[in-house]
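In what follows, a single structure is set out as structure tokens and then discussed.
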Amino acid sequence: MYQPPGVRTSPDLPLPDRMTAWVPGDPDQLLLCEKPMPIPSRAEVLIRIDAVAICATDLEIIHSGSPASIEAGLPFNRNFTPGHECMGTVAAVGPEVDEFSIGERISVEIHAGCGQCKRCRQGMYTSCLNYGKPEKGHRANGFTTDGGFAEYAVNHINTLARVPDTMSDAEATLVVTAGTSMYGLTELGGIGCRRERCGDRTWADRATRGGRCQGARRQAGHPDRDTQRKTGDRPATRRRSRHQYQRRGCR
């Protein structure tokens, strides 16, 4: 039975030594094969995959290989398992892991940065400078490391989100995808951001003004701006010179 050194398991979730997984053979070929059970290391958990979604990117990988990359090469005939939208149950935990418990339902994120490069330290782990180098600690499950088209997969604890009992397995596979969209909306100012007000200016107007302060050129004939002026919704404004922007603290 499955019992690697330092890995904590539970008799309530007995684990085999091998599992089945899908791997690309030649282009447009997906093969079901047996693989050894993955072993979680420090700050990682083993997940029993309960549901997986199929993204259009997964189909691209099976067809052309890109954007997956295994040791800087195409993923064909590399014993690589794709799949990056999945959820499951924590089946085992790596050494010293106490952030998650065996039996918890979780949804997974793709990226786990190396945690040591400049971008990771700035919180931009999806642009990790060690992308594609699992030996440096980076993981992009389903792209550079094995993903969720298998019975079991390993994920870093920073990539896990707990799933409430009120959410179905199918819904939980899309948690991270939905979170990506919500992050974008939050950065834009929320749903209906063109109507959101901040003082006497909309978020879109503030973004436009901020862009001009950063050196973006103001373009004549902008349809929204011209329409607003013609209808009287936006008064004509006097364009400030560069030195006036600099006095206001803009660059």
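- For the atom pair CG (Asp50) and CG (Asp169), the distance works out to 5.5 Å, reported to the nearest 0.5 Å.
- Every side-chain hydrogen bond (donor to acceptor under 3.5 Å, both in side chains) that Asp58 has, sequence neighbours left out, goes to His84.
- No side-chain donor-acceptor contact under 3.5 Å links Glu85 and Thr173.
- For the atom pair CE (Met87) and CZ (Arg162), the distance works out to 13.5 Å, reported to the nearest 0.5 Å.
- A donor-acceptor pair under 3.5 Å is formed between the side chain of Arg105 and the backbone N or O of Met167.
- Taking CG of Asn158 as the start and SG of Cys120 as the end, the distance is 10.0 Å to the nearest 0.5 Å.
- Atom NZ of Lys35 has more than 12 neighbouring heavy atoms from other residues, nucleotides or ligands inside a 6.0 Å radius.
- Legend: residues meeting salt bridge (charged side-chain N to carboxylate O under 4.0 Å, His left out) with Glu96, ordered by chain and number and at least two apart, are absent.
- Note that the OG atom of Ser10 and the CD1 atom of Ile102 stand 5.0 Å from one another [nearest 0.5 Å].
- The closest donor-acceptor contact from the side chain of Asn141 to the backbone of Ile110 lies at 3.5 Å or more, if one exists at all.
- To the nearest 0.5 angstrom, Arg121 atom CZ is 8.5 Å from Cys114 atom SG.
- Residue Leu31 qualifies as enclosed at atom CG: its count of foreign heavy atoms under 6.0 Å is above 12.
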